[in-house]
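What follows is a single structure, written as structure tokens, with notes after it.
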Number of protein chains: 2
Amino acid sequence: MQTETVFKALSDPNRMKILNNLCSKDCPCNVGEVACCCTVDLSVVSRHLSILKNAGIISAEKRGKEVFYHVNRKEVAALLRQTAATIEKTCCS
Amino acid sequence: MQTETVFKALSDPNRMKILNNLCSKDCPCNVGEVACCCTVDLSVVSRHLSILKNAGIISAEKRGKEVFYHVNRKEVAALLRQTAATIEKTCCS
DNA sequence: TGTATATTTGCACAATAATGCAAATGAATG
DNA sequence: CATTCATTTGCATTATTGTGCAAATATACA
């Protein structure tokens, strides 16, 4: 997981909505459920999910004809905390 | 400071270079010093600094004809940690 | 006041990214 | 094996963003 890629993935309003939506769920969601949170076409949501997945923010699991997505909570949180630590630290501290 | 704005501000390679450069310094830098880390025009760096400033990531202080920029370390770190916590937490936990 | 230096801004252009629609793919089921 | 449903992908269009150059602004200083 690369910091820059993650930030880029999170830089779009619809992707943030999608991520928030996924974060609010305890169980993985299929694309249709994810798409409820924004007004764009389902194909656009699919593409956004793909971007989030490539950034390592979410993971996909195929079950039958559906694909279930869930947030890689620990990994994303760890990356953000590590970035926080790097930013907080001056070169002398 | 808004999460989405911050992520958007951090979604460009040159702005990340600029931020890393500023983070590596203990003292505020003027635009020329900041610009060393990337090959784009000085005016472009100035614009990137403006975007980072509007996002609340850095602050500017004018001294004479120079403008010195520094990272708002604590604030940015706090925002990232808070975001990490939100992402980590499921709706039932 | 005129000149030099640091930074910002106006503007045009190039590059990237988001979007919707239609078609393609993959999988269950009659 | 045809049909249906969920998802993805190709393609064209639109919207947004990054960039460089020239000019404007702000400040110091001779």
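In the text below, chain A, chain B and the rest are named by the order of the sequence lines, each starting its count at 1.
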Task: Proximal nucleotide (of C:dG10, C:dT19, C:dT7) relative to the B:Leu42 side chain - done: C:dT7
Task: Side-chain N,O (B:Arg15) to OP1/OP2 (D:dG18) below 4.0 Å - done: yes
Open item on the list: In whole Å, I'd like the distance from the CD atom of A:Glu66 to the C1' atom of C:dA27.
Closed with: 11 Å
Open item on the list: Tell me which one of A:Val44, A:Thr39, A:Val45 satisfies side chain to side chain contact (heavy atoms under 4.5 Å, CB included) with A:Asp41.
Closed with: A:Val44
- [ ] Measure the distance from CG on B:Leu52 to P on D:dG18 and round it to the nearest whole Å.
- [x] 10 Å
Task: Rounded distance (Å) that lies between atom P of D:dT8 and atom CD1 of A:Ile51 - done: 12 Å
TODO: Whole angstrom is fine here: how far is it from CG in B:Asp41 over to C1' in C:dT7?
DONE: 12 Å
Task: Common cluster, A:Ile51/A:Leu42, ILVMFWY with side-chain heavy-atom separation under 4.5 Å - done: no
TODO: Rounded off to whole Å, could you give me the NE2-to-P distance for the A:His48 and C:dT16 pair?
DONE: 19 Å
TODO: May I have the distance from B:Asn30 (atom CG) to C:dT7 (atom C1'), rounded to whole angstrom?
DONE: 10 Å
Task: Side-chain N or O of B:Lys8 closer than 4.0 Å to phosphate OP1/OP2 of D:dT17 - done: yes
- [ ] Consider the side chain of A:Lys65, meaning its heavy atoms from C-beta on, and name the nucleotide among D:dT9, C:dT7, D:dC5 that approaches it most closely.
- [x] D:dC5
Task: Minimum side-chain heavy-atom gap A:Tyr69-A:Leu52 below 4.5 Å - done: no
- [ ] With heavy atoms under 4.0 Å as the rule, sort B:Val44 into base, sugar-phosphate or nothing.
- [x] base
Open item on the list: For a quick test of reading the model: is some side-chain N or O of A:Asn14 closer than 4.0 Å to OP1 or OP2 of C:dT19?
Closed with: yes
- [ ] Report the nucleotide, chosen from D:dG18, C:dC21, D:dT7, that has the shortest atom-to-atom distance to any side-chain atom of A:Ser46.
- [x] D:dT7
TODO: Output yes when at least one side-chain N/O atom of A:Tyr69 is less than 4.0 Å from OP1 or OP2 of D:dT8, else no.
DONE: yes
Task: Out of D:dT8, D:dC21, C:dT19, whichever nucleotide has its closest atom nearest the side chain of B:Arg47 - done: D:dC21
TODO: Among D:dT9, D:dG20, C:dT8, find the nucleotide with the atom closest to the side chain of B:Val31.
DONE: C:dT8
Task: Whole-Å gap separating P (C:dT19) and NZ (A:Lys17) - done: 9 Å
- [ ] Test B:Glu88 against every option in A:Lys74, A:Arg73, A:Arg81 by the side chain to side chain donor-acceptor pair (under 3.5 Å) rule and name the one that passes.
- [x] A:Arg81
- [ ] State plainly whether one hydrophobic cluster holds both B:Phe68 and B:Leu49, where clusters connect Ile, Leu, Val, Met, Phe, Trp and Tyr through side-chain heavy atoms under 4.5 angstrom apart.
- [x] no
- [ ] Mind calculating the distance between CZ (B:Arg63) and C1' (C:dT7) to the nearest angstrom?
- [x] 15 Å
